[in-house]
Participant: 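Following this message is one structure expressed as structure tokens.
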Amino acid sequence: MERTLSIVKPDGIKKGLIGEVIRRFEAGGLNVIALKMIKMTKEQAEGFYQVHKNKPFFNSLTSFMSSGPVVVMVIEGEEAIKRNRELMGATDPREAGKGTIRKDFASDVEKNIVHGSDSPETARWEIDYFFPEEELFEYENPPCLPDGHRGG
Ligand code: DAT
Ligand code: MG
């Protein structure tokens, strides 16, 4: 079992995709074990994306990420980091595979609907950035039904 941080970015919220993103995670066998809507300050977004602080897009990215509410989630499952990144698709939607969230909904490389952690170390750090341990709720699921919904 592995955990990763997902964010539905401001463009995803505006496009009405909170439910669609969660549906894809659940249908993909990942459990949402923590979730909240927040509006980041510019400083909070800068802290979150500090690994990118020397990139030319840093100011634009952190302005965008603090421009409106986002939904932050912890998702859990087998190989959750890799699985989540597969469901998201490549950073640039033009390079994202068919049927991925970014291919289906993103308008450009910056406004790309979702964030997902990229390694176990960053996942731990990113989860900790938004959630104390007591806000995480593990649970078990019955197997997925063929239509992607869960029984039970
Ligand atoms: P990812 O979000 O797929 O992990 P990343 O960590 O390389 O991608 O970059 C973080 C975010 O920064 C990305 O979701 C959108 C933005 N970004 C990345 N490359 C960019 C670029 N060339 N121009 C503008 N924004 C970019
Ligand atoms: Mg990244």
Side-chain angles (χ1 to χ4, degrees), residues 1-138 144 148:
M1 276 300 184
E2 195 172 63
R3 292 172 176 179
T4 190
L5 186 87
S6 169
I7 305 178
V8 183
K9 297 184 180 186
D11 58 329
I13 306 295
K14 284 189 188 135
K15 288 179 174 177
L17 295 170
I18 300 169
E20 176 64 13
V21 170
I22 293 175
R23 188 195 67 74
R24 289 181 184 217
F25 293 157
E26 291 187 327
L30 296 167
N31 288 353
V32 177
I33 64 162
L35 169 152
K36 60 188 166 192
M37 181 176 273
I38 59 166
K39 185 171 184 292
M40 279 190 260
T41 62
K42 180 78 155 66
E43 292 68 33
Q44 206 176 359
E46 286 169 357
F48 180 72
Y49 277 118
Q50 61 185 255
V51 292
H52 294 304
K53 67 174 184 291
N54 295 321
K55 304 273 172 62
F57 55 80
F58 182 68
N59 187 48
S60 173
L61 172 65
T62 53
S63 294
F64 166 59
M65 288 300 286
S66 57
S67 68
V70 299
V71 168
V72 286
M73 286 181 263
V74 179
I75 55 178
E76 183 181 74
E78 260 172 53
E79 299 199 307
I81 296 167
K82 180 166 158 260
R83 187 82 196 101
N84 177 38
R85 291 195 69 91
E86 284 168 1
L87 292 168
M88 291 198 300
T91 309
D92 187 337
R94 290 169 300 190
E95 288 158 21
K98 206 162 164 264
T100 62
I101 294 168
R102 284 164 166 173
K103 181 68 170 188
D104 289 347
F105 303 112
S107 56
D108 62 66
V109 68
E110 181 179 273
K111 295 179 178 58
N112 61 6
I113 310 288
V114 277
H115 166 84
S117 312
D118 65 6
S119 74
E121 294 69 37
T122 51
R124 216 167 298 125
W125 185 89
E126 290 180 354
I127 291 167
D128 204 45
Y129 196 79
F130 293 111
F131 294 97
E133 187 62 32
E134 64 265 25
E135 288 183 14
L136 309 180
F137 299 95
E138 284 188 318
C144 280

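Every heavy atom of this structure was used, including side-chain atoms; hydrogens, water molecules and symmetry mates were not. We're numbering straight along the sequence, starting at 1. Each ligand, and each atom within it, is numbered from 1 in the order the structure gives.
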Participant: Which residue from Lys55, Lys9, His115 reaches closest to atom 14 (O) of ligand 1 through any of its heavy atoms?
Facilitator: Lys9
Participant: Please work out which of the three classes, parallel, tilted or perpendicular, describes the rings of Tyr129 and Phe48, given edges at 30° and 60°.
Facilitator: tilted
Participant: Do Ser60 and Ser63 have side-chain atoms, one donor and one acceptor, less than 3.5 Å apart?
Facilitator: no
Participant: Is Lys111 near ligand 1, meaning one of its heavy atoms is under 4.0 Å from it?
Facilitator: no
Participant: According to the salt bridge (Lys or Arg N to Asp or Glu O under 4.0 Å) rule, which pairs have a member within residues 73-98, sequence neighbours left out?
Facilitator: Arg3-Glu76, Glu79-Lys82, Lys82-Glu86, Arg83-Glu86, Asp92-Arg94
Participant: Starting from atom 9 (O) of ligand 1, what is the nearest protein heavy atom, named by residue and atom, and what distance separates them?
Facilitator: His52 NE2, 3.5 Å
Participant: Mind checking side-chain contact (heavy atoms from CB on, under 4.5 Å) for Lys15 and listing every partner two or more places apart, or none if nothing turns up?
Facilitator: Leu17, Ser107, Ile113
Participant: Nearest to atom 15 (C) of ligand 1 by heavy atom, Val51, Thr62, Val109, Asp108: which?
Facilitator: Val109
Participant: Please report which non-hydrogen protein atom sits nearest to atom 2 (O) of ligand 1, along with the residue it belongs to and the distance in Å to one decimal place.
Facilitator: Arg102 NH2, 3.1 Å
Participant: Do we see a donor-acceptor contact under 3.5 Å between the side chains of Asn59 and Lys42?
Facilitator: yes
Participant: Where is the nearest protein heavy atom to atom 1 (P) of ligand 1: which residue, which atom, and how far?
Facilitator: Thr91 OG1, 3.5 Å
Participant: So, does Met88 sit close enough to ligand 1 that a heavy atom of it is under 4.0 Å from the ligand?
Facilitator: no
Participant: Heavy-atom pairs closer than 4.0 Å: do any link ligand 1 to the side chain of Asn112, the backbone, both, or neither?
Facilitator: side chain
Participant: Which residue and non-hydrogen atom of the protein lie closest to atom 17 (N) of ligand 1, and at what distance in Å?
Facilitator: Phe57 CE1, 3.5 Å
Participant: Hey, can you tell me if Phe57 and His52 have their rings parallel, tilted or perpendicular (30° and 60° cut-offs)?
Facilitator: tilted
Participant: How many angstroms lie between OG1 in Thr91 and CZ in Arg102, if you round to the nearest 0.5 Å?
Facilitator: 5.0 Å
Participant: Below 3.5 angstrom, do we get any N/O pair linking Arg85 and ligand 1?
Facilitator: yes
